[in-house]
Amino acid sequence: MGSRVSLKSKGKGSSSGKGSKSIEEKSTVQCLKEWSTWGLKKAKVITHYGFIPLVIIIGMTSDPQPQLYQLLTPV
């Protein structure tokens, strides 16, 4: 019966070492996924609210300088 206990403890010891390694890898992968998701959400918001002002700024600094109403009207 003592050998069974020692076998179980060896099994747990070796698998816990592997388990902790995979847990660390999962946490790193999970952290990377969270940061990439956060970054893409921020980039989406910046693109959404920054596109039209960027077009206006580029239009205002172009060679034939149009008036602001000419940039904003669709014609």
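Numbers for residues simply follow the sequence, beginning at 1.
Atom NZ of K44 sits about 10.5 Å away from atom OH of Y49, to the nearest 0.5 Å. The CD1 atom of I57 sits 12.5 Å away from atom CD1 of I52, with the distance rounded to the nearest 0.5 Å. For the atom pair CD (E34) and SG (C31), the distance works out to 6.0 Å, reported to the nearest 0.5 Å. The CG atom of L54 sits 12.5 Å away from atom CD1 of I46, with the distance rounded to the nearest 0.5 Å.
Heavy-atom neighbours of I56 CD1 from other residues, nucleotides or ligands within 6.0 Å: above the threshold of 12.
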message: K33 vs V29, test: side-chain contact (heavy atoms from CB on, under 4.5 Å). Steps then yes/no.
response: CA-CA 6 Å; K33 285 181 181 180; V29 170; 3.9 Å; yes
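When all heavy atoms of M60 and Q65 are compared, the closest pair comes out as O-NE2, 3.0 Å. Of all non-hydrogen atoms in P66 and G59, the two that sit nearest each other are CD-O, 3.3 Å.
Using a 4.5 Å cut-off between side-chain heavy atoms of Ile, Leu, Val, Met, Phe, Trp and Tyr, with links allowed through other members, F51 and L68 fall into the same hydrophobic cluster.
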